[in-house]
Asks: 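Pasting in a structure now, in structure tokens, and then I'll have a few things to ask.
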Amino acid sequence: MEKISVLMNCYNSESYLKKAIDSVYSQTYDNWEIIFIDNCSTDNSARIAKDYDKRLKYIKTKKNIALGSARKFGIKYCSNFIAILDTDDIWVENALEELYNS
């Protein structure tokens with residue numbers, strides 16, 4: 001099983017963030033990491049993300065950048081297999097397993 005990097009770009013997403021991250025932690029596919037890009041959030045997003053274990057790698061941009069640029073910035077921290085999860089979305093528990101097996 002290859003490691004899948006789940007790329008999450010965040011800007012002021014505290015309202016939905018915990019549910020989005022928890023949906024990754026509940027995956028049936030075990031070999032994953034979250035590459036969490038904090039795009040200079042001013043709300044509690046950083047605190048929420050930092051409450052998780054080492055499988056969530058927190059990286060903050062130096063300044064707020066456009067979403068496409070933030071994704072490009074985050075990709076350099078990812079493994080060969082990348083899945084993108086927006087901070088206001090959630091996955092069903094077998095999403096990564098289905099993705100990996102397709």
Asks: Does anything in residues 38-47 pair up under salt bridge (charged side-chain N to carboxylate O under 4.0 Å, His left out), and if so which pairs, sequence neighbours excluded?
Replies: Arg47-Asp51
Asks: For the atom pair CZ (Phe73) and CD1 (Ile37), what is the distance rounded to the nearest 0.5 Å?
Replies: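 Separation between the atoms: 5.5 Å.
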Asks: Kindly compute the distance separating CG (Asn39) from CD1 (Ile65), expressed to the nearest 0.5 Å.
Replies: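 So the gap between those two atoms works out to 5.0 Å.
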Asks: Sorted by first residue and then second, give each salt bridge (charged side-chain N to carboxylate O under 4.0 Å, His left out) pair with at least one member in residues 7-35; sequence neighbours left out.
Replies: Lys18-Asp22, Glu33-Lys57
Asks: The test is side chain to side chain contact (heavy atoms under 4.5 Å, CB included); show your working for Tyr25 and Ile34 and say whether it passes.
Replies: CA-CA 9 Å; Tyr25 274 80; Ile34 295 175; 3.9 Å; yes
Asks: I need the full list of ring pair (Phe, Tyr, Trp, His ring centres under 6.0 Å) pairs touching residues 81-102, with sequence neighbours left out, sorted by first then second residue.
Replies: Tyr29-Tyr100
Asks: List for me each residue that meets side chain to side chain donor-acceptor pair (under 3.5 Å) alongside Asp88, sequence neighbours excluded, and say none if there are none.
Replies: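 Applying side chain to side chain donor-acceptor pair (under 3.5 Å) to Asp88 gives none.
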Asks: Not counting sequence neighbours, list each pair that qualifies as a side chain to side chain donor-acceptor pair (under 3.5 Å) and has a residue in residues 62-86.
Replies: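 Found Ser5-Ser79, Arg71-Asp86.
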Asks: Scan residues 89-102 for pairs that pass salt bridge (charged side-chain N to carboxylate O under 4.0 Å, His left out), counting only residues two or more places apart or in two chains.
Replies: none
Asks: Mind checking side chain to side chain donor-acceptor pair (under 3.5 Å) for Ser102 and listing every partner two or more places apart, or none if nothing turns up?
Replies: none
Asks: Who else is in Val92's hydrophobic cluster (ILVMFWY, side-chain heavy atoms under 4.5 Å, direct or via others)?
Replies: none
Asks: What distance separates Ile4 CD1 from Ile35 CD1, expressed to the nearest 0.5 Å?
Replies: 12.5 Å
Asks: Ile59, Leu85: one ILVMFWY side-chain cluster at the under-4.5 Å cut-off?
Replies: no
Asks: I'd like to know whether Met8 forms a side chain to side chain contact (heavy atoms under 4.5 Å, CB included) with Leu56, so could you lay out the CA-CA distance, the side-chain angles of the two residues, the decisive distance to 0.1 Å, and finally the verdict.
Replies: CA-CA 10 Å; Met8 295 183 78; Leu56 187 148; 5.8 Å; no
Asks: Under a single-linkage rule joining Ile, Leu, Val, Met, Phe, Trp and Tyr whose side-chain heavy atoms are separated by less than 4.5 Å, which residues share a cluster with Leu67?
Replies: none
Asks: CG/Leu96 to CD/Gln27 distance, rounded to the nearest 0.5 angstrom?
Replies: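 The CD atom of Gln27 is 4.0 Å from CG of Leu96, to the nearest 0.5 Å.
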Asks: Using the test side chain to side chain contact (heavy atoms under 4.5 Å, CB included), find all partners of Ser13 that sit at least two apart in sequence or belong to another chain.
Replies: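 In terms of side chain to side chain contact (heavy atoms under 4.5 Å, CB included), with neighbours along the sequence ignored, Ser13 is linked to Cys10, Ser45, Thr87.
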Asks: Report yes or no: do Ile84 and Val6 belong to one cluster of Ile/Leu/Val/Met/Phe/Trp/Tyr joined by side chain heavy-atom distances under 4.5 Å?
Replies: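 Per the 4.5 Å side-chain linkage, Ile84 and Val6 are not co-clustered.
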Asks: Determine, using the 4.5 Å side-chain heavy-atom cutoff (strictly less than), whether Tyr58 and Leu17 are members of one ILVMFWY cluster.
Replies: yes
Asks: Is Trp32 linked to Ile21 within one hydrophobic cluster, defined over Ile, Leu, Val, Met, Phe, Trp and Tyr using a side-chain heavy-atom separation of less than 4.5 Å?
Replies: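 Shared cluster, yes.
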